[in-house]
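Have a look at the structure below, then the notes.
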Amino acid sequence: MKQKIILFASGNGTNAENICHFFEHVPKVEIAGVYTNNSSAGVIQRLESLGLQAEVFDRNAFQDGTLLSRIQCKQPTLIVLAGFLWKIGQEWVRAFPDTIVNIHPALLPKYGGKGMYGQHVHQAVKDNRETETGITIHYVNEAYDEGAIIFQKKVSLHPNDSTEDIAAKVHQLEYTHFPKVIHSLLNKDAP
Ligand code: GAR
């Protein structure tokens, strides 16, 4: 039986697309669903061109158990948050222990928590004149950005780097490492 990845994304979806490309070449793994809370998210068109139909859901479906039970039926091996911005509720964490993985565009525990996503993170990193930033891949628990860390990677910053430069450096790390880390988690689970 194939291992199943479910993707959640709220925005542009470049990470989701990159993950799909990576696993196109891994026969034992399938992308079993792509979900977004944002009906105008770029991820929808990006994945359409790969033959994948992203499903849009609203706050009710996310919170009342409807979406949760649909995803339970699919028996995912991993649920991957690739730029997903809603907080994952307790019922999700309990239903999928050590199964939900998030990527954060900074070196947690720095620059995590509510409101810390995308450009807000890079702006805070720049405002604080950090000399390095990076990515954190972690399990999701009840608290924003506080689940067990699986992987981190740093990148150096130049004092003149704009927030766009910082975002580009971080995205590059994400594209290189996120699919590989997901793959290694799947291999760990394999019988
Ligand atoms: C990524 O940089 C990801 O780390 C970040 O959103 C971006 C999504 O980019 N996630 C968070 O900030 C979560 N707190 P993408 O839509 O192009 O993949």
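Here, residue 1 is the first one in the sequence, and each next residue gets the next number. We count ligands from 1, going down the list as the structure has it; atoms in each ligand are counted the same way.
- Near N12, meaning under 4.0 Å from one of its heavy atoms, ligand 1 places the atoms 16 (O), 17 (O).
- Applying the side chain to side chain donor-acceptor pair (under 3.5 Å) criterion to Q53, with sequence neighbours excluded, gives no partner residue.
- Ligand-side atoms of ligand 1 in range of I103: 4 (O), 10 (N), 13 (C), range being under 4.0 angstrom from any heavy atom.
- Closest protein heavy atom to atom 17 (O) of ligand 1: T14 OG1, 2.5 Å.
- Closest protein heavy atom to atom 9 (O) of ligand 1: H171 NE2, 3.2 Å.
- Of the residues Q152, K110, H104, the one that meets the side-chain hydrogen bond (donor to acceptor under 3.5 Å, both in side chains) test with T136 is Q152.
- When the options A82, A9, G13 are ranked by their closest heavy atom to atom 16 (O) of ligand 1, first place goes to G13.
- When each atom of ligand 1 is checked for a heavy atom of G83 under 4.0 Å away, the hits are 6 (O), 8 (C), 10 (N).
- Taking a 4.0 Å cut-off on heavy atoms, V121 fails to register as neighbouring ligand 1.
- Less than 6.0 angstrom separates the ring centroid of F57 from the ring centroid of F8.
- If you check which protein heavy atom lies closest to atom 11 (C) of ligand 1, you get P105 CD, 3.6 Å.
- Taking only nitrogen or oxygen atoms, main chain and side chain alike, D145 does not reach within less than 3.5 Å of ligand 1.
- No donor-acceptor pair closer than 3.5 Å links the side chain of N12 to the backbone N or O of T14.
- Residue G118 has at least one heavy-atom neighbour below 4.0 Å for each of these atoms of ligand 1: 12 (O).
- Between K2 and E30 no salt bridge is recorded (no basic side-chain N to carboxylate O distance below 4.0 Å).
- Scored by the side-chain contact (heavy atoms from CB on, under 4.5 Å) test, T163 finds Q119, H122, Q123, K126 as partners (sequence neighbours excluded).
- Of all the atoms in ligand 1, the ones that sit under 4.0 Å from a non-hydrogen atom of M116 are 14 (N).
- Relative orientation of the H177 and F151 rings is tilted, given thresholds of 30° and 60° on the angle between their planes.
- Looking only at heavy atoms of the protein, atom 4 (O) of ligand 1 is closest to E174 OE2, 2.4 Å.
- By the 6.0 Å contact criterion, CD on E91 is enclosed, its count of non-hydrogen atoms from other residues, nucleotides or ligands being greater than 12.
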### Task
For side chain to side chain contact (heavy atoms under 4.5 Å, CB included), just list the numbers for I182 and I137, CA-CA rounded to whole Å, side-chain angles, deciding distance to a tenth of an Å, and then say yes or no.
CA-CA 9 Å; I182 294 166; I137 298 169; over 6 Å; no
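- Taking distance alone, with nitrogen or oxygen atoms compared against 3.5 Å, N102 stays at or beyond that limit from ligand 1.
- Polar contact with ligand 1: present for N15 (N/O pair, distance under 3.5 Å).
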